[in-house]
Amino acid sequence: IRTEGLPKLSHSQWILFPLAALAYGEMTTAFVVALSMTSLANAFILSNLTSLVLIAGKLVLGAPIVVTEVSGALIGFSGATVCAFDTSRMDPNEADQLADDTSTLIGTDPHPNEMIGNAIALSASFFLAAYLSIARDLRANCNLYVFMFVIMLLSSVF
C-alpha cells in the first residue's frame with residue numbers, strides 16, 4: 001500500500017470485496033458446521049464439489065464449457081471420493097465395531113442430522129464457487145497481499 005496506494009477499483013468492485021469475504025467466511029463456517037452433523041467423508045466430498053458447481057453455473061448462464069474443464073472437474077471429484085473413502089488402513093470388522101461402539105456410547109445414531117449436515121456441506125461448495133468467481137475479477141486489479149488482507153479481515157468479521 002505504501003508504494004502502490006490503494007487498489008484502483010471501480011465502485012462496484014469495492015462493493016464486491018465484502019461479498020467475496022462473506023462468501024469465504026460462510027464457506028469455512030459451513031464446512032465446520034457440517035463436520036459436526038455428518039460424516040467426514042460426506043462433508044469432504046460435498047464441500048469439494050465446487051468445480052462441478054462452477055461448470056453447472058456456466059451451463060445455466062449459457063457460457064461455453066470446454067471439455068478439459070469437465071474432465072478436470074470429474075477427475076478432481078473422483079480423487080476427492082477416493083481420498084474420503086480410503087479404508088485401506090482399517091479392517092472392515094474394526095470399522096463396523098467402531099461404529100457400533102460409538103452408537104452404543106452415545107445411545108443414538110452418531111449423525112442424527114446427517115441430511116442437514118450434507119446440505120450444509122453442499123452449501124460450502126456454492127459459497128466457494130461464489131468466492132472464486134468474485135475473487136477472480138478483484139484479484140486481477142490489486143496486489144495479492146492487499147487482497148488477502150482485506151478478504152481475511154472482512155471474513156473474520158462475518
Side-chain angles (χ1 to χ4, degrees), residues 1-66 68-87 99 102 106 108-158:
I1 292 180
R2 184 181 304 178
T3 58
E4 298 175 22
L6 287 174
K8 307 294 186 258
L9 301 174
S10 68
H11 181 60
S12 62
Q13 288 175 322
W14 279 110
I15 292 172
L16 288 177
F17 252 115
L19 290 176
L22 178 67
Y24 183 82
E26 292 301 319
M27 178 269 304
T28 55
T29 303
F31 181 71
V32 170
V33 169
L35 283 175
S36 67
M37 299 178 79
T38 189
S39 67
L40 175 63
N42 287 358
F44 184 75
I45 290 172
L46 292 170
S47 66
N48 283 298
L49 290 177
T50 307
S51 56
L52 296 178
V53 170
L54 288 170
I55 290 173
K58 283 180 130 183
L59 185 66
V60 168
L61 295 174
I65 300 171
V66 184
T68 54
E69 290 175 330
V70 175
S71 62
L74 293 176
I75 290 170
F77 178 69
S78 61
T81 304
V82 167
C83 290
F85 289 114
D86 179 23
T87 58
T102 303
I106 296 172
T108 61
D109 182 20
H111 302 291
N113 298 321
E114 188 169 11
M115 290 307 292
I116 295 171
N118 289 343
I120 292 171
L122 183 60
S123 74
S125 288
F126 285 92
F127 284 121
L128 183 56
Y131 165 74
L132 290 174
S133 298
I134 296 169
R136 177 189 59 220
D137 297 332
L138 291 176
R139 174 60 193 99
N141 297 317
C142 65
N143 181 308
L144 173 65
Y145 296 108
V146 172
F147 174 78
M148 290 308 299
F149 178 79
V150 173
I151 291 294
M152 294 301 135
L153 177 72
L154 292 175
S155 67
S156 68
V157 172
F158 294 127

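We use all heavy atoms of the structure for the numbers below, so side chains are in, but hydrogens, waters and symmetry mates are not.
Rounded to the nearest 0.5 angstrom, Leu154 CG and Phe149 CZ are separated by 9.0 Å. Ile134 contributes atom CD1, which lies 5.5 Å from atom CG of Leu16 (distance to the nearest 0.5 angstrom). For the atom pair CG (Leu22) and CD1 (Ile151), the distance works out to 10.5 Å, reported to the nearest 0.5 Å. Atoms CZ and CE, on Phe147 and Met152 in that order, are 8.0 Å from each other to the nearest 0.5 Å. Taking OG of Ser12 as the start and CG of Leu19 as the end, the distance is 11.0 Å to the nearest 0.5 Å.
Applying the salt bridge (charged side-chain N to carboxylate O under 4.0 Å, His left out) rule to pairs touching residues 23-47 yields nothing, sequence neighbours excluded.
Here the shortest heavy-atom pairing between Glu114 and Asn42 reads OE2-ND2, 3.0 Å. The two residues Ala124 and Ala30 make their nearest non-hydrogen contact at CB-CB, 3.9 Å.
The closest donor-acceptor contact from the side chain of Arg139 to the backbone of Cys142 lies under 3.5 Å.
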Let me check something: any side-chain donor-acceptor pairs from residues 46-59 under 3.5 Å, sequence neighbours excluded? List them with distances.
from: Ser47; atom 1: OG; to: Ala43; atom 2: O; distance (Å): 2.7
from: Ser47; atom 1: OG; to: Phe44; atom 2: O; distance (Å): 3.3
from: Asn48; atom 1: ND2; to: Phe44; atom 2: O; distance (Å): 2.6
from: Lys58; atom 1: NZ; to: Glu69; atom 2: OE1; distance (Å): 3.2
from: Lys58; atom 1: NZ; to: Glu69; atom 2: OE2; distance (Å): 2.7

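Under the rule for a side chain to side chain donor-acceptor pair (under 3.5 Å), Ser156 has no partner lying at least two apart in sequence or in another chain.
More than 12 heavy atoms of other residues, nucleotides or ligands shown are found within 6.0 angstrom of CZ on Phe31. The environment of OH in Tyr131 is crowded: more than 12 heavy-atom neighbours from other residues, nucleotides or ligands sit within 6.0 Å.
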